[in-house]
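Have a look at the structure below before the remarks.
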Amino acid sequence: MFAGLLVLCSFAFPAWALTPDSFLAGLNYSVRQASFNVSNYTDAMSDTDSNGVNDTLSLSITFNSTPGNYSIFTDLHVNGSMLTASANRTAGNPNTLVLNYSTSALQGQRFNYTIRAYDANLSLKYREKGILTNSYNNYQLAYTIVNLTDINQGNTTLLIIATLNVTNTFQADATAYLKHNSTTLTARSAPNLSAGLQLLSFAFNNETIKNTHYIGNFTLTRLRINGRQYNLNYATSKYDYRDFARSSYIYNATERTIDADNDNLFDALRLNTSVYTNASGNYKLQVNVYDLYFNYIKQITKSQSLDNGLQYITVDINGTDFYKRKLTGPYLVYLKLKQGSTVIDELPRHTTAAYNFTQFEPSESPELFVTINVTGDHLYGRRNASVNVTITNNGTIRAYNIFLDVFDNYSFSQTLFISTILVNGSKTFAFNFSNINDTLFTAIADLQNVVEEQNESDNSLEQPLKINRAPSIGKAPSSNPNITTGEQQLFSINYSDDDNVTISWILNGSLAATNRSNYTFIGNLTNAGSYTILVNVSDGYLSNHSSWNLTVAEASQESSPSTGGGSAGTAGSSGSSGDGGCIPNYLCSEWSACINGKQSRKCAIIQGCSQQIAAERNCTAEGNHAPVFILSGNTIENEAASIAESAAAPAANQASRAPAISGAVVSEYDGGASLYIGAAAIAIFMIASFAYFRFFRS
């Protein structure tokens, strides 16, 4: 009996068909072909040497197939390993095949296996994976682990020894896994083992232990013997890596900050490294510094002559190196001790305190800054422009060997060279263009990062150049409007322009409003006539305008006198016609019903000169009692109250009323007693009018 693979039947099968890659690629899915089908599979254990302990696991497969030669495999998965058995078969229905495995290679109670079948052309015809065996508790192993121990062998070797009880002679192939912190060491052993108690030793040499820089208990996490893995948690005795050192080594490292000029900024991070040397001579200490994400900061190598014994090497890492990289700590420091080019020891890692790069001195460096200025007639719609590109050094030292790349998004491209720019100095390059289209200019200083700077983000700039175009305007209303006195007219525009614009509304040559997209013309009883409304939109260089001719007509009215009966109302209005005392007097009918929000009436002049009076008013649908207003002085008053006042006042007082009719203020009508007074006034006025027509005009 032997551990590992047991091939029961040999056959001709090309080696390339069994490569790990091709095999593993095929484990991902099952395959069923009509030419080959497995109708049954079983498993069992048996005692082939009749010693009372099962020593063989048998997998039995029954299949049907079309005529031809087939190669059948079973892959047995044992604790992360795979054992394969195979055989050739010629078609026969049914056909049963048994593939055997030695139990000495097994570990556990149940096993997972896969069945594969190929035809003579190496084409996969069948695969079934994930088949579980029965559960088996008692079977014969080639060995059992009886004991584990560890020994320091003369400070030259750390030995891990496994005592095995071997039942069958076999060639061992074993690996031990020894862990400390997050690092695992491995050692291999491959002795011939015979029946009985056998020792399996794993040697970790002194350099291996020294390089761990570890003091404490190691852990044997697992043993792997002939493909069988044993998961362990065996703790060794306590060991000190210095006991195993036969060559020089780094003992430890500490750090502190240096502020030489007392400005509360660190000039350096000082690393103190203690080194134990077994011989005097010249040594090199290589220091590599990273941040926690392994972004590189600095590498420093310092050579120093050291005597035998415990020695010290001090390395200063400039604070400007941390500031320049803009990386925040804690920082990771890796140390290598060399003699010549040979590394004799490495300190796995030293982690510093949590510094911020702003705690260190800024570095002395140039600081390049790019600006672009575009001027020219393109602002006025013409296709020519001048582009000035300026590169400035805002740093603390002069800049050398600067390349400036300037290009647009068409075909223009130039690379310019500046040998030096002094601190706060600058260099300007002018480019003149004609017959140009809209484009985008880009200027980049030090594209290849030849100049070392603290801030590289302001080394490039983009500047668009657009041929300016006058704003476009859409207007409403689209045609010239007509309104009557007392109405309002809204004028509005929409415009498009990429720049900030100024909007001016001009009424008959005078500025009426600015910086708004609409303007409302408000009519009243005296401004019938023609008006020009103009709107101008300007971006500061180009402008566009639009205009309307507005006609304002007088509100319609009836001028024929009323002689008929029925109830009628009068409305008095005072004013001066310029002839020295014209006092108009009217006889008006009652207001009509409220139709579509409007009421109307008819008025006839009965005395004096003509004066326009309202023949129409707004109303509400709820009734015909909306307040009525006439113009009197500088105030629009309730009509009923005004009529009452007109009836009560002498004619001389009416003649003296002020003629102004603009800037009116609306006083709300309050009913009540005024309504009765108004009614009485109307009655008196009607009686007086009737007497006038009856006696004085006849």
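Computed from a prediction, not measured in an experiment: that's the story for all the values here. Numbers here are sequence positions counted from 1.
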More than 12 heavy atoms from other groups under 6.0 Å of CG on N449: yes

For Y495, I'd like to know if atom OH has over 12 heavy atoms of other residues, nucleotides or ligands within 6.0 Å. no

State whether a side-chain donor-acceptor pair under 3.5 Å links [X] with [Y].
| X | Y | value |
| --- | --- | --- |
| S496 | S472 | yes |
| T320 | E361 | no |
| N393 | E367 | no |
| N432 | S386 | yes |
| Q359 | N356 | no |

Ring-ring centroid check [X] [Y], cutoff 6.0 Å:
| X | Y | result |
| --- | --- | --- |
| F266 | F322 | no |
| F431 | F441 | no |
| F407 | F412 | no |

Is the Lys NZ or Arg CZ of K298 less than 6.0 Å from the centre of Y296's six-membered ring, within 45° of the axis? no

Measuring from atom [atom1] of [X] to atom [atom2] of [Y], what distance do you get when rounded to the nearest 0.5 angstrom?
| X | Y | atom1 | atom2 | answer |
| --- | --- | --- | --- | --- |
| D446 | S460 | CG | OG | 11.5 Å |
| N518 | L490 | CG | CG | 5.5 Å |
| Y293 | L332 | OH | CG | 11.0 Å |

Could you label the plane-to-plane angle of the F491 and W548 rings as parallel, tilted or perpendicular, counting under 30° as parallel and over 60° as perpendicular? tilted

Does the plane of the ring in Y355 sit parallel, tilted or perpendicular to the ring in F360? Use 30° and 60° as the thresholds. perpendicular

Per the side-chain contact (heavy atoms from CB on, under 4.5 Å) rule, which among N388, V389, T392 passes with T428? N388

For the side-chain contact (heavy atoms from CB on, under 4.5 Å) test, which of L511, T520, I493 pairs with W505? I493

Taking the side chain as C-beta and beyond, is there a heavy-atom pair between L269 and T352 under 4.5 Å? yes

Within the structure provided, determine whether S517 and S492 are in side-chain contact (heavy-atom separation under 4.5 Å). no

Can R469 and D438 be said to form a salt bridge (charged side-chain N to carboxylate O under 4.0 Å, His left out), step by step? CA-CA 11 Å; R469 295 164 178 82; D438 292 352; 3.6 Å; yes

